[in-house]
Amino acid sequence: MTRYLELVCPAGTPAALRVAVDAGADTVYCGFQDCTNARNYPGLNFTREDLRGGIAYAHARSCRVFVAVNTFPRAGDFGPWQRAIDDAAACGADAVILADLGVLDYATCRHPNLRRHLSVQAAAASPLGIRFYRDAFGISRVVLPRVLSVEEVAALIGQTGVEAEVFTFGSLGTMVEGRCFLSSYMTGRSPSSDGVCAPAECVSYREDGDRLVSCLGDVMINRFASDEPAAYPTPCKGRFLVHGRPSYLFEEPTGLNVIPLLAELKAAGVTALKIEGRQRSRTYVATVVTAFRRVLDALAEGASPAPMPDVLRAVAEGGRETFGAYAKGWR
Amino acid sequence: MAETEFPVLLATNVLGLLPAPALTRATALLMRRFGRTYPRLFRALAGHEPCTIGIEPTDLAHRFVLRFGGTPVSLVPTLTLEQPLNACVRGRLATLVGLLEGRLDSDALFFSREIVITGEMEAIVSLRNALDRETVNVFQAATALFGPVGHPVRRVALMLERRLAAAHQRLTMRHEALHAARREEHSIATYCARQEAELQALRTRIAKIEAQTRRRNPIGAVT
Amino acid sequence: MSCLTLGPLQFHWPAPRRRDFYARIADEAPVECVYLGEVVCSKRLPWFEKDLPKIAERLRRAGKQVVFSTPALIITDREVAMIRALCETGDLIEINDLACLQLLNGQAFVSGPLVNVFNEGTLDVLLRLGAIRVNTPMELSIDAIATLAAQNQAGEIEVFAFGRQPLAISQRCYHARAHDLHKDNCQFVCGQDADGLAIAQLDGRPLLAINGTQTLSHGHVALLDELADLQAAGVTHFRLSPHALDMVEIATLYRAVLDGTCDAEEGLTRLREHTAPVPFVNGYLHGRAGVDWQPGRAG
């Protein structure tokens with residue numbers, strides 16, 4: 001049962017799904033074990049059997065399951081995406097999360113009764129864009145890009161009449177998602193089509209004296225002093241030389257946490273809160289979902305301001321938190 | 001302390017005392033036990049590309065080499081990690097066991113540098129994700145090796161762990177007490193230095209104000 | 001016959017420089033089509049907006065097709081008003097954000113390189129909605145392009161053939177950030193770098209270039225060796241992206257290679273005289289990392 005705002009939680013494995021459901025998720029989202037979703041990491045994700053079991057477990061506890069089929073099929077290879085949609089429908093998924101026009105078109109024609117959500121990978125960031133997807137493909141919900149301020153979120157919802165789901169915790173891309181080619185430029189594997197940014201097989205770390213060097217393919221992404229928190233070699237969170245000076249040009253390695261803005265987001269008309277991190281451990285899922293469940297329950301009972309659980313900082317990317325684009329001045 | 005929680009202090013002490021051949025035999029037995037208890041985990045690892053991972057507990061003299069993919073999963077103790085490795089994980093024994101059991105978040109430990117990972121990430125990510133699907137319990141598997149006396153062994157181990165923990169705590173407290181005086185001195189010195197700096201800043205400010213006033217009243221009205 | 005196009009100017013050049021640039025293009029460049037307009041940052045448009053009708057008219061008089069490009073990201077009211085005004089002129093426009101489709105109502109359009117057209121299903125949707133020419137995204141390999149072109153035999157397919165590749169777009173302005181400024185008070189520092197600001201790895205090797213909210217490759221895409229294969233695959237248009245280089249000379253070079261009066265090897269040698277020390281890249285086209293350079297038959 002959704003209280004205050006719907007809490008949409010990540011699951012990279014069936015174990016994480018059970019943990020999320022038990023910790024109080026209203027909804028869990030997951031993907032299949034292939035390039036049809038944007039977290040295509042080795043050893044992660046669900047087989048068809050895993051999904052059927054996961055949905056049964058969640059539904060028995062009044063929790064919904066969304067399936068992300070949110071990458072862009074490669075030319076001449078539409079099969080995996082068709083099967084992903086067909087199987088998500090057959091397994092009883094409550095919605096599919098889609099980004100590609102072709103995939104949206106297929107789902108709309110073949111499974112008109114399967115709820116369609118627009119993925120953040122579609123990067124629909126204006127009322128016009130969202131209305132286009134609503135009118136053309138009957139989407140019921142849009143996952144908003146992580147580049148909007150709270151005021152912009154409110155304006156969007158007012159002008160589209162489509163449910164909005166916003167990111168509230170987890171990794172934060174600074175580029176418009178679904179349209180960022182930095183990782184494929186360095187590795188040849190595409191976040192858009194292969195479903196993987198900074199793929200594990202291209203990531204390496206080495207020690208250089210007392211410093212830790214992180215590389216993506218042949219590209220040096222960062223170098224950490226021994227007393228600095230480490231971070232993944234995600235291209236948009238790398239340290240580069242600008243005017244000869246090392247700097248986090250795009251974004252520091254930080255994780256999004258907008259707990260203090262939850263009341264504002266609710267007032268803006270947001271329907272659901274999304275937690276990022278299907279690639280993270282089940283301990284991460286348990287920690288974050290439990291903390292958010294408590295905060296949302298407190299808010300539902302009239303608490304103000306929202307309590308800020310400090311357990312979240314440790315699991316935030318780079319061990320640091322940010323409001324991201326929701327805050328003024330981020331741009 | 002929970003019945004199934006891994007007794008880290010005991011393990012650190014015991015493993016430190018074990019001669020190499022005995023440790024080799026014990027880890028081999030433990031891996032066989034794991035294979036029987038977690039067949040799905042072992043199947044997932046067997047399907048991987050052949051891969052060698054070095055494991056370096058920073059509070060033990062022993063190092064371990066984990067091999068999976070192609071061959072049966074093996075964990076072999078060694079004194080040095082000189083062979084070619086795909087990747088290496090370094091951290092305290094308690095942390096490494098916590099990771100193995102999925103109780104700790106590997107990313108958070110990586111960010112905070114409590115574990116250091118070097119080399120290729122593909123193998124590490126595959127291993128982490130395979131482990132995250134299971135609920136591995138190292139202590140239970142280890143004590144199960146004792147067969148019918150497994151349960152008493154577990155009880156004795158936990159009792160020893162509690163005693164070690166208490167001894168450890170006493171030691172820490174004495175250590176604290178010994179160093180407290182020195183720290184105090186240190187903090188007074190810091191305090192004095194700060195006061196000194198503040199005083200200097202105030203002096204500079206007053207001098208500036210005097211200079212400004214003098215410029216405004218060149219006749220010399222400052223008294 | 002294959003057409004050469006001149007893509008929209010991605011960088012923030014002063015208005016007089018733009019006027020001179022397009023005057024010379026109109027008079028001398030062997031391109032069939034010129035894209036005009038601001039793709040990266042709508043704040044730049046007021047600086048040169050009033051010149052656009054004159055520039056367009058001059059290009060048309062020189063026999064060139066003019067297409068108006070629209071922003072990569074449409075979020076603010078200003079950006080919505082901008083594309084609404086453009087859609088109402090009836091001129092051919094290039095869309096770079098699907099939001100434009102809501103205003104076009106079946107009117108013919110060009111789908112720009114920043115629209116994700118990765119497969120036949122997407123291509124079908126765009127053709128149904130009125131696309132007459134479709135640019136392929138930067139990431140596509142020659143095989144993927146051929147598959148799409150086969151699906152669009154009646155229409156036109158355009159490929160990015162020269163210049164720094166646009167790789168990402170953001171709401172955040174990196175040029176402002178590089179100068180410790182905020183986007184709202186950016187002082188148009190992006191205008192200081194006519195070809196973008198080079199970004200290097202910590203060990204000093206150049207990697208990317210930034211241009212306001214856009215991130216580009218440091219290397220220039222240089223598809224000369226691949227032109228024949230792309231033509232055979234069904235590509236009809238080749239896009240040259242404007243840089244602070246002799247674009248008339250570069251267009252002439254591409255034209256010569258397309259017409260077979262200059263071979264690709266010589267073309268690359270002559271192109272390098274214009275672009276050095278910035279390296280060439282073509283990895284995406286060969287199914288590799290975009291940053292790679294795969295010397296082809298021409299070496």
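Computed from a predicted structure; not experimentally measured. Lettering of chains follows the sequences in order, A, B, ..., and the numbering in each one begins at 1.
Proximity to chain A is limited to the backbone of Leu104(B), based on heavy atoms less than 4.5 angstrom apart. For chain B, no part of Ala286(A) is nearby; none of its heavy atoms comes within less than 4.5 Å. Contact annotation for Ile124(B): neither backbone nor side-chain heavy atoms come within less than 4.5 Å of a heavy atom of chain A.
For Ala230(A) against Phe110(B), the heavy-atom pair with the smallest separation is CB-O, 3.5 Å.
Around the CD atom of Gln83(B), the shell of radius 6.0 Å holds more than 12 heavy atoms that belong to other residues, nucleotides or ligands.
Residues of residues 64-79 of chain B having a heavy atom under 4.5 Å from any heavy atom of chain A: none.
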Could you list each N or O donor-acceptor pair linking chain B to chain A at a distance under 3.5 Å?
residue, atom, partner, partner atom, Å
Arg90(B), NH1, Glu207(A), OE1, 3.1
Arg90(B), NH2, Glu207(A), OE2, 2.9
Glu101(B), O, Arg282(A), NH2, 3.3
Gly102(B), O, Thr283(A), OG1, 2.7
Asp105(B), OD1, Ser281(A), OG, 2.5
Asp105(B), OD2, Arg280(A), NH2, 2.6
Asp107(B), OD1, Tyr232(A), OH, 2.5
Asp107(B), OD2, Arg280(A), NE, 3.2
Phe111(B), O, Ala230(A), N, 2.8
Arg113(B), NH1, Ala225(A), O, 2.9
Arg113(B), NH1, Glu228(A), O, 2.7
Gly119(B), N, Tyr205(A), O, 2.7
Gly119(B), O, Tyr205(A), N, 3.1
Met121(B), N, Val203(A), O, 3.2
Glu122(B), N, Ala200(A), O, 3.4
Arg128(B), NH2, Gln279(A), O, 2.5
Asn129(B), ND2, Pro42(A), O, 2.7
Asp132(B), O, Arg282(A), NH1, 2.7
Asp132(B), OD2, Arg282(A), N, 2.7
Arg133(B), NE, Gly43(A), O, 3.3
Arg133(B), NH2, Gly43(A), O, 3.2
Arg133(B), NH2, Asn45(A), O, 2.5
Glu134(B), O, Arg282(A), NH1, 2.6
Glu134(B), O, Arg282(A), NH2, 3.2

